[in-house]
Amino acid sequence: MQRETGFSLRNRIIYEEVLRMYSSLLIHGSSLPSIPWEERPEGDSSVLWRYSQNPVIGRDAAAETNSIFNSAVVPFRDGFAGVFRCDDTCRRMNIRVGFSKDGISWRIADSPIDFIKASLDIPDSEYKYDPRVVFVEDRYWIVWCNGYHGASIGMGYTFDFETFQQIENPLMPYNRNGVLFPRKIGNNYALLSRPSDSGHTPFGDIFYSESPDMTYWGKHRHVMSPLGSQSLWQSTKIGAGPAPVETKEGWLLFYHGVLNSCNGFVYSFSAALLDLDQPWKVIARARPYLISPQKTYECVGDVPNVAFPCAALTDSDTDRVAVYYGCADTSTGLVFGRIGEIIDFVKQNNALG
Ligand code: BMA
């Protein structure tokens, strides 16, 4: 076998890098030229960088809101639609619909979404919060934390962001951070969740479940646990963020992790890569965080020190990504990045390696 010289090896590395620049890492991704975007500031080497006008959605951007955070947005028609966690001035937790042309300026409804129950015996929700939205097959699915004898997972869908249907809760209480995959795995719909308790939950692993019909869920598999002293930002509990993004290197999952500090919980987030066919198998998982609460709007608010991602927009033409995250349980922030760089970061800083 011929040995590669230093020169040809370097050429091959450059060639592969150029190839990667021009071929998307996203699978079945859509072109989204209107993705909200700012270039990385000069001199900044962060893998994810913050929008200069953060918070992108302030706490009072809709009528009678105490706070707007931990919210989900998707491309819709010629702009964007979203489902927003709006705690109102009675501190009732609920979700509202919103629309935007550019993903930056949002028009958020004055009142919560009025779900039509798919059958009369679907239990009432005592509250709704922390929605995730993802398009699967023919409609937009919404998964949220649903008050039903404590924290449970609620599920519903819409075709048009005008009428919304609520279906059965997929899992028993207590559970939070339910997130659907954007396509079936094998022949089944797939869901990540984080079994919890009915309070502020000092533990938590991410689990995977499957369903043939979005009603009956099984084949539960463990995905990831918190880590120990080598990665303290995720040592108390972890939970899935936005719907996983399908890439040639695996499902890219942004997830939050919690440190139990002497001043209470600190929520940061980072990313992992899951196997495309068996997503309960973790290929790599970053040891450092990507974003931790450091800016004033992340450190000061109704719950200090929280960065909590719930939505990611991607553009398959350029592999750009925009992540929306809740800031201090008060407002909504936006960060930008590039899929290839995030994947490299996860692989180069793999906590499992
Ligand atoms: C979690 C959830 C989130 C919240 C976070 C920090 O348990 O309730 O909605 O952002 O705590 O308070």
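In this text, all values refer to a predicted model and were calculated from it rather than measured experimentally. Values reported hereafter were calculated over all heavy atoms of this structure, with side chains retained and with hydrogens, waters and symmetry mates removed. Order of appearance sets the numbers: ligands from 1, and atoms from 1 within every ligand.
- Residues passing the salt bridge (charged side-chain N to carboxylate O under 4.0 Å, His left out) test with R85 are D87, D130, sequence neighbours excluded.
- The proximity of F265 to ligand 1, defined as any non-hydrogen pair under 4.0 Å, does not occur for either the backbone or the side chain.
- Residue, atom and distance of the protein heavy atom nearest to atom 12 (O) of ligand 1 are D329 OD2, 2.7 Å.
- Y51 has its side chain within reach of I104: a pair of non-hydrogen atoms, C-beta onward, lies under 4.5 Å apart.
- Cation-pi contact between K184 and Y189: present, with separation from the ring centre below 6.0 Å and deviation from the ring axis of at most 45°.
- Atom numbering of ligand 1 starts at 1 in the shown order; those under 4.0 Å from a heavy atom of R85 are 9 (O).
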Apply salt bridge (Lys or Arg N to Asp or Glu O under 4.0 Å) to D78 and K101, showing your working.
CA-CA 7 Å; D78 59 348; K101 282 272 174 243; 3.3 Å; yes
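- Nearest protein neighbour of atom 11 (O) of ligand 1, counting heavy atoms only, is Y267 OH, 3.0 Å.
- Here OG1 of T332 is found 10.0 Å from OH of Y325. Values are rounded to the nearest 0.5 Å.
- Distances below 4.0 Å separate heavy atoms of D130 from the following atoms of ligand 1: 2 (C), 3 (C), 9 (O).
- Contacts between H200 and ligand 1, counted as non-hydrogen atom pairs separated by less than 4.0 Å, are absent for every part of the residue.
- In T201, neither the side chain nor the backbone holds a heavy atom less than 4.0 Å from any atom of ligand 1.
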